[in-house]
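This report concerns only the one structure given below.
Numbers for residues simply follow the sequence, beginning at 1. The shown structure was predicted, so the numbers you read here are calculated from the model rather than taken from an experiment.
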Amino acid sequence: MNHLTPKQIVEALDRYVIGQADAKRAVAVAIRNRWRRRQLTGEMAGEVYPKNIIMSGPTGVGKTEIARRLAKLADAPFVKVEASKFTEVGYHGRDVESMVRDLLDQAVVMVRAEHAEQVQEKANEAAADRLVDLLLPGSSEPVTQPTATGGYVSPEASGERKAQVREKLREQLDAGKLDEREVELNVSNKPHASVMFANMGIDQMDPQMSDMLERMIPAQNSRRKTTVAQARQILIEQETENLLDQDKVAAEAIERTEEGGIIFLDEIDKIAVSGGGSGASGGGGGSPDISRQGVQRDLLPIVEGTNVTTRQGVVKTDHILFIAAGAFHSTSVSDLMPELQGRFPIRVELSALGESEFVRILTEPGNALPKQQQALLEVEGIEVVFEDSGIQAVAQIAAKANATLENIGARRLMTIIEKVFEQINFDAPEMAARGETTLTIDERFVKEQVQAIAEDKDLSRFVL
């Protein structure tokens, strides 16, 4: 895990998320505290629990982006789940423990990639040797051969000759001169039970049962003709798999999940019960309030700390960091169960975005939408120049649309930018062919593309 200071984390987040200083500070301290805990030893290390965070604020103000960027900065396993997908047993939905298994799957991918990099050289060598065997069958096993005069070549001489041939072939192979030649190799595919039985809810099945089902499914072997270049990649993957210590990968992935994992619980406001989080709701057995309370009860032990059984082993959730977020339009954080509220001691409120924030979002981040459009059209040979007035016009239209229609925050900018460039993106190849290689986006151009739609309130509901 990167040992970034809180200030460094905030500075890194500032490159992608505009404003929301309180939320950035909260997550930065939470990540630093995890590193601090790992420096402790003995009983104290086990007693320091993560300070889970709950973020409230309108949609499109940066809640999800903060969590996603944070996971990348921390180099930690990360999953985003919608709390509304979970529900109490007996209702539709997914088992809440599945999010921990998904988190472990992400950790396995990360650890496997790191271990694969360590054995890369050996895997490349082994794959190249196998390719030579495919191109020159039997060359690795010297045998006696009759000479032209009827005598016999000794095994040593025969082996030396074949070694020379293999060496020349290997040189051509490494130089890429044989990449287009075809070879035939065995490819083994073992279907995953999670794919074959996706409609049967296997993610809610006991992991041991799922593992047993996969072992029962026979591997499918087939002969495939492919180019040497493609065969090289297939063989490298096979050799990498053979070189990896799967038990070590699983153990390290579990440790990384437990110590560094981040679960982002989005839409947590959708499981809050309006009017109070502690009292039982009246109504029949199918009441949505009962289902929401059931989700909260199921989430509580996961957030508090429990053991979750997975295919790789048992994962303890005590030190997984949970970041929850919701718009809380018709409910509030206090409408969650008191026990669940208590597991999210840090609460930050993200503010709505206005015209000035939209201007910054369109200009400051390295992945700003105008910069993306410039890069895309540059591929066609068209240089796009954004005037300040054009940026300001987009921001004004977005702010006005959010004020008069539903407020969807910065997501409105993407819709407007796409509308501004809709015709240009369609005509770009022909424009470049005619020599129209420069395009200036100013206020007049933006309004020509968008204003008519923005003024038609009925149409703008569907377009903007």
Side-chain angles (χ1 to χ4, degrees), residues 75 104-196 211 214-256 311-312:
D75 191 25
L104 179 57
D105 288 342
Q106 291 296 320
V108 168
V109 171
M110 293 176 66
V111 174
R112 188 188 181 283
E114 292 170 6
H115 285 220
E117 190 173 346
Q118 295 171 8
V119 299
Q120 178 95 40
E121 189 173 340
K122 289 183 179 179
N124 289 344
E125 286 293 321
D129 286 340
R130 288 179 61 185
L131 268 176
V132 173
D133 291 339
L134 290 172
L135 292 164
L136 198 64
S139 62
S140 58
E141 300 177 1
V143 294
T144 57
Q145 295 181 356
T147 64
T149 59
Y152 283 85
V153 179
S154 67
E156 292 79 8
S158 175
E160 185 178 345
R161 183 181 302 169
K162 288 187 176 182
Q164 291 174 351
V165 174
R166 284 179 64 87
E167 186 177 349
K168 289 181 180 178
L169 196 62
R170 177 65 184 270
E171 290 174 0
Q172 291 181 314
L173 192 64
D174 292 341
K177 296 178 179 179
L178 306 177
D179 282 355
E180 299 305 316
R181 183 179 295 188
E182 278 198 345
V183 291
E184 189 174 3
L185 71 160
N186 286 318
V187 179
S188 178
N189 290 316
K190 190 171 179 64
H192 289 287
S194 57
V195 176
M196 296 188 66
D211 199 30
E214 286 205 4
R215 287 198 301 268
M216 292 172 59
I217 301 171
Q220 298 176 353
N221 296 314
S222 61
R223 296 284 293 176
R224 182 192 300 179
K225 279 190 175 182
T226 181
T227 63
V228 166
Q230 293 171 332
R232 188 198 301 271
Q233 295 305 315
I234 295 171
L235 293 174
I236 287 175
E237 290 177 11
Q238 292 178 355
E239 291 299 327
T240 300
E241 198 68 26
N242 293 335
L243 289 167
L244 290 179
D245 185 337
Q246 301 299 341
D247 291 337
K248 187 176 180 180
V249 169
E252 190 173 328
I254 289 175
E255 191 270 341
R256 190 171 298 192
R311 293 174 55 193
Q312 285 80 19

*Specify the closest pair of heavy atoms between Ala107 and Ala253, including all atoms of both residues, with the distance to one decimal.*
CB-O, 3.5 Å

_Short N-O contact, Arg232 and Glu239, less than 4.0 angstrom_ = no

*Working to the nearest 0.5 Å, report the span between CG of Leu235 and CZ of Arg130.*
4.5 Å

*Drop me the distance from Met110's CE to Asp75's CG, to the nearest 0.5 angstrom.*
4.0 Å

_Euclidean distance, Gln312 CD relative to Asp247 CG, rounded to 0.5 Å_ = 10.5 Å

*Check whether any side-chain heavy atom of Val109 sits under 4.5 Å from a side-chain heavy atom of Asp105, and report yes or no.*
no

*asked:* Within this structure, what is the CG-CD1 distance for the pair Leu243 and Ile236, rounded to the nearest 0.5 Å?
replied: 11.5 Å

*Under a 4.0 Å N-O cut-off, is there an ion pair linking Glu252 with Lys248?*
no

*List for me each residue that meets side-chain hydrogen bond (donor to acceptor under 3.5 Å, both in side chains) alongside Glu117, sequence neighbours excluded, and say none if there are none.*
none

*His115 side chain near Gln246 side chain, heavy-atom distance below 4.5 Å*: no

*Drop me the distance from Gln106's CD to Arg256's CZ, to the nearest 0.5 angstrom.*
12.5 Å

*Report yes if some heavy atom in the side chain of Leu131 is under 4.5 Å from a heavy atom in the side chain of Arg170; otherwise report no.*
no

*State, to 0.1 Å, how close Ala116 and Leu244 come at their nearest heavy-atom pair, and which atoms those are.*
N-CD2, 3.8 Å

